[in-house]
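Note sheet for the following structure.
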Amino acid sequence: MSPDHPPGLDLDRLRGLLDRERPGLVAGPLSGRLIEGGRSNLTYAVSDGTGSWVVRRPPLGHVLATAHDMKREHRVISALHPTDVPVPRPVLLCEDEEVLGAPFYVMEFVEGTPYRTAEQLAPLGPERIRAAVLNLVDTLVGLHAVDPAEVGLGDFGRPEGFLDRQLRRWAKQLDASRNRDLAGIDELHATLGRELPRSPSPTVVHGDYRLDNVLIGGENDEIRAILDWEMSTLGDPLTDLGLLVMYSSPLGMPDSPVSTTAQAPGHPAPAELIERYAARSGRDVSAVAWYTAFAWFKLAVILEGIHYRYTLGQTVGRGFDRIGDLVPVFIEHGLTTLQKG
């Protein structure tokens, strides 16, 4: 297919749907392109030459249903859009698989930069990098301060037993994609299960919160939008903190297709991020090592699922050939984090 007609995006059918459901929104022929960088759901930028939107849909092949729920992702940004939490304006949810071959949704296109690597951050300079990462923590505190019931998300998840259920869920996801031996991953899962912390009061949880999943822009480098809500639910807010700490820790693998931003000049150390979150949220973060180790485990499972789809030839984009080498690295980091406490 041409660059304007990427796999998984039928622009004629999309235009027909938008004309029926949002008459007058689209003023001319649509063009589209795959936004690379994501390793799970597919994200496309679509334009009619005047307006711009974003389409989100599941991968083209091997799909674990609980990990690619477009309805949930659309619901949470619809609920949060009227609040101070920065999210794109939702436009349309389509559950009819006849249109694009899978459920999808459309949202506004927000200008901004998703900083994925230390190298991309470096030109900002130490002061701006430090401010941006600390703002990431503050924005997370703001998300966790939203009362789910007040925004219509009181039934968005089942917080009781959240951590135990998360461990079982990710073990199930691993089994669904397991086609090779992974030393240490069962030990990591078992140790996490034996040492479950007591969760604080539940909040809306993003599930994949990191610098890569926000758009930064403007003169003050503000966070203009939090993206990729596919794993969002009601649950333990410290799982978001643990993931943010993980992504702020050195990976120790040069030229990795999945990287952390820890080596950027001026990047705050994980301990400072933890302290800032604790001070601004008022939550006890003494068990943060468990949550960080869980983040290493969860990412290992996600990456193994992506590697599995790659072996089946069901991925779109670059860098997938090296994903499989990352999984043992994430497992080792998880085990080390638990051992150090």
Taking atom CG of Asp84 as the centre, does the number of heavy atoms from other residues, nucleotides or ligands within less than 6.0 Å exceed 12? no
Would you please name every residue forming a ring-ring contact (aromatic ring centres under 6.0 Å, His included) with Tyr291, sequence neighbours left out? none
Please list, one pair per line, the donor and acceptor atoms closer than 3.5 Å that link side chains of residues 93-101 to other protein atoms, with sequence neighbours excluded.
residue: Asp96; atom: OD1; partner: Glu98; partner atom: N; Å: 2.9

Non-neighbouring partners of His307 that pass ring-ring contact (aromatic ring centres under 6.0 Å, His included), sequence neighbours left out: none
Give me the ring orientation class for Tyr209 and His206: parallel if the planes are under 30° apart, tilted from 30 to 60°, perpendicular past 60°. perpendicular
Does the structure place the NZ or CZ of Arg72 under 6.0 Å from the centre of the six-membered ring of Phe156, at an angle of no more than 45° from the ring's axis? yes
Can you list the residues that meet the salt bridge (Lys or Arg N to Asp or Glu O under 4.0 Å) rule with Asp19, with sequence neighbours excluded? Arg15
Taking the side chain from Lys298 and the backbone from Gly207, do they hold a donor-acceptor pair closer than 3.5 Å? yes
Electrostatic pair Asp175-Arg178, nearest N-O below 4.0 angstrom: yes
Apply side-chain hydrogen bond (donor to acceptor under 3.5 Å, both in side chains) to Ser232 and list each qualifying residue two or more places apart in sequence or on a separate chain. none
Hydrogens and angles aside, do Thr191 and Arg194 bring a side-chain donor and acceptor to less than 3.5 Å of each other? yes
Relative to each other, are the rings of Trp296 and Phe330 parallel, tilted or perpendicular (30° and 60° limits)? perpendicular
Pairing residues for Tyr105 by the ring-ring contact (aromatic ring centres under 6.0 Å, His included) criterion, not counting sequence neighbours: His74
Ion pair check, Asp155 and Arg75, cut-off under 4.0 Å: yes
